[in-house]
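To keep things clear, I will list the structure first and then write my remarks on it.
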Number of protein chains: 2
Amino acid sequence: MSAAPEGYDPHAFVPFAVTVDLAVFTVREARLHVLLVERGGEPYKGGWALPGGFILPRESAEEAARRELAEETGLTQDTVGGLHLEQLRTYTEPDRDPRMRVVSVAYAALLPDLPEPRGGGDAARARWWEARDLGDLAFDHGRILADAYDRVGAKFEYTCLATQFCPAEFTLGELQQVYETVWGVELDRPNFRRKVLATPGFVEAVEGPPRRTGGRGKPAALYRAGAAAALHPPLLRPEGRTG
Amino acid sequence: MSAAPEGYDPHAFVPFAVTVDLAVFTVREARLHVLLVERGGEPYKGGWALPGGFILPRESAEEAARRELAEETGLTQDTVGGLHLEQLRTYTEPDRDPRMRVVSVAYAALLPDLPEPRGGGDAARARWWEARDLGDLAFDHGRILADAYDRVGAKFEYTCLATQFCPAEFTLGELQQVYETVWGVELDRPNFRRKVLATPGFVEAVEGPPRRTGGRGKPAALYRAGAAAALHPPLLRPEGRTG
DNA sequence: GGAATAGTGTCTTTGAGACAATATATC
DNA sequence: GATATATTGTCTCAAAGACACTATTCC
């Protein structure tokens, strides 16, 4: 039987602490990176953890996540306000924090390549790590990160989320590299191009003749993210899907 | 700045109540139904709400969800233990409950057509409602239910979840009806059949010559759910996708 | 036989994947 | 010119969708 069969009985509820944890990804030099913070106190002192913190009394979880993201990256509230934050899952195992009962709402965020975290406060102890061959993380954050990675990879198949990893203007080669990095596969360039351009609203060409070079080949045309949110039909990964 | 910049400070956290809410679906007479409970107390007294309740001190959210599901449906713990519970999202708006700060972890569950909820306790005030043209629900449960419906529809595309709506042995016509009901579309029977049978592990034929009739046509062969969890490639909806 | 449902076969169109060929830049 | 990258074009194959046709039951 529930503790409050008639609905919510204010005397029956068990108090929990509720936090948000963020899996913040970026693609840097064709490798996936994750933002981690060093723990200053026990437990896991000196270890690395996902950025996050408590939800304040008058905040929703998403507001808390944006606030924490701004604190840890030094980005302005305005910039952070425009990003897509993906709520992943909520982690509730009774012993996931050894000190008390903590429930954590996990979010994933995708950022274009940024300079090292700057700004004061929490950002001081934050840095980017390459996502593969990370050591163990504090608490169940390794698990959260793995779930986040799976979700992002799956979402790439049927949403336009990948453009969030790119700067405001980007080439199709850069967008393709994002896909290849996140999925860990190589894609055929002509086919990728055809597919992206055939999807209305995925990307839109940047006007004038401005172009940009990635090295010493032919300069590529620039695009920006389009208005669409979903991919239609999906851009399927070469191999399997995630259930 | 976070309330606890050094990690979790047991003196800084704000206590929340944490509940689970369940969107329990079934298909009955080719129409989607949802399990709702009548509220016995304020607020929303006499209104209808999703089943759910507080997480107990030593429970995970999923354990709480299974416990509540067993209570509300009268199903045994064993039966409920074998079902797929899909964690949807966590709802955290500060004023979603007028009395106190309540965070709710929402789950979706799919059941084959069952008799009306039986058993004692909470089940007494629970009943199935047809999903379309429901009135307003208590709290933000209307929103939760809409999100649950979207998620289930999307999951049908690339998982074998639809078999959870069917009894242990079912015909392909019944399975197709489940898809048609959830998606609200008509599917071509020969194509559906070809697609399902071509997906390894989706369904497996039941041995002997036993067959079953749905009315007065030719009896259909029986199948049971296969071992696969994911559909490969996906079974896409005729129209659009959910972002 | 007629109606209803189950199941098979076939044709067409669409999209994915492989890959050749061309274009434009740097060195 | 050599090399590197971008872009276009073409061919093939697999899957989706439309739909005609056969099979088996109840009335």
Side-chain angles (χ1 to χ4, degrees), chain A residues 29-30 156-158 166 169-181 183 185-200 202-206 208-224 230-241, chain B residues 29-30 156-158 166 169-181 183 185-200 202-206 208-224 230-241:
Chain A
E29 291 161 12
F156 267 35
E157 294 194 309
Y158 55 94
C166 298
E169 299 190 340
F170 53 88
T171 69
L172 293 187
E174 289 163 352
L175 183 62
Q176 180 176 347
Q177 181 127 92
V178 165
Y179 269 95
E180 291 178 332
T181 300
W183 283 350
V185 297
E186 293 214 331
L187 301 175
D188 179 86
R189 189 192 300 263
N191 291 339
F192 180 82
R193 176 188 197 79
R194 172 161 42 94
K195 176 72 185 174
V196 169
L197 294 180
T199 304
F202 192 0
V203 299
E204 56 185 44
V206 169
R211 297 169 164 253
R212 193 170 72 177
T213 172
R216 59 187 174 294
K218 172 179 176 177
L222 287 176
Y223 297 83
R224 67 169 66 92
L231 248 43
H232 209 48
L235 180 50
L236 294 174
R237 263 179 286 203
E239 292 305 277
R241 297 188 54 117
Chain B
E29 291 162 13
F156 267 34
E157 294 194 311
Y158 55 94
C166 297
E169 300 191 339
F170 52 87
T171 69
L172 293 187
E174 290 164 350
L175 184 62
Q176 178 176 348
Q177 181 129 90
V178 165
Y179 269 94
E180 291 177 333
T181 300
W183 284 349
V185 297
E186 292 216 331
L187 301 175
D188 180 84
R189 188 193 299 262
N191 292 337
F192 180 82
R193 176 186 195 80
R194 170 160 42 93
K195 177 71 186 176
V196 168
L197 294 180
T199 304
F202 192 0
V203 300
E204 55 186 45
V206 170
R211 292 162 167 261
R212 192 171 73 178
T213 172
R216 59 187 172 296
K218 172 180 176 178
L222 288 176
Y223 296 83
R224 67 170 64 91
L231 247 44
H232 208 49
L235 181 49
L236 294 175
R237 260 179 288 202
E239 291 305 278
R241 297 187 56 115

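Everything numeric in this text was worked out from a predicted model, so none of it was measured. Residue numbers start from 1 in every chain, and the chains themselves are labelled A, B, ... in the order their sequence lines are given, proteins ahead of strands.
Atoms CZ (A:Phe192) and C1' (C:dC19) sit 18 Å apart, rounded to a whole Å. Residue B:Gln177 contributes atom CD, which lies 16 Å from atom P of C:dA4 at whole-angstrom precision. When rounded to the nearest whole Å, the span between CD of B:Gln176 and P of D:dG17 equals 12 Å. Straight-line distance from the CG atom of A:Leu175 to the P atom of D:dT7: 13 Å, rounded to whole Å. C:dG15 atom P lies 14 Å from atom CG of A:Leu235, rounded to whole Å. When rounded to the nearest whole Å, the span between NZ of B:Lys218 and P of C:dT5 equals 14 Å. Rounded to whole Å, atom P of D:dA16 lies 10 Å from atom CG of B:Leu231. Put simply, CG on A:Leu236 is 8 Å from P on C:dG17, counting in whole angstrom units.
In this model, the phosphate group of C:dA6 is approached by a side-chain N or O of B:Arg189 to a distance below 4.0 Å at OP1 or OP2. For the pair B:Lys195 and D:dA16, the criterion of a side-chain N or O lying under 4.0 Å from OP1 or OP2 is met.
Side-chain proximity of B:Arg193 to the nucleotides D:dT7, C:dA6, C:dG7 is greatest for C:dG7.
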Atom pairs, protein N/O to nucleotides 18-21 of chain D N/O, distance under 3.5 Å:
from: D:dA18; atom 1: N7; to: B:Asn191; atom 2: ND2; distance (Å): 2.9
from: D:dA18; atom 1: N6; to: B:Asn191; atom 2: OD1; distance (Å): 3.1
from: D:dC19; atom 1: N4; to: B:Asp188; atom 2: OD2; distance (Å): 3.4

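Ring geometry, B:Phe202 versus B:Tyr179: the interplanar angle exceeds 60°, so the pair is classed perpendicular (tilted spans 30 to 60°).
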Next on the checklist: Could you walk me through whether A:Thr199 and A:Leu235 satisfy the side-chain contact (heavy atoms from CB on, under 4.5 Å) test, starting with their C-alpha distance in whole Å, then the side-chain angles of each, then the deciding distance to 0.1 Å, before giving a yes or no?
Outcome noted: CA-CA 10 Å; A:Thr199 304; A:Leu235 180 50; over 6 Å; no
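Residues that satisfy the salt bridge (Lys or Arg N to Asp or Glu O under 4.0 Å) test with A:Glu204, not counting sequence neighbours, are A:Arg224. Remark: A:Glu186 engages no residue in a salt bridge (Lys or Arg N to Asp or Glu O under 4.0 Å) (not counting sequence neighbours).
For the pairing with B:Asn191, the side-chain contact (heavy atoms from CB on, under 4.5 Å) check across B:Arg189, B:Arg194, B:Lys195 returns one residue only, B:Arg194.
Taking the ring centroids of A:Phe170 and A:Tyr223, they lie at or beyond the 6.0 Å cut-off.
Separation of atoms CG (B:Leu236) and CD (B:Glu157) is listed at 5.0 Å; rounding is to 0.5 Å.
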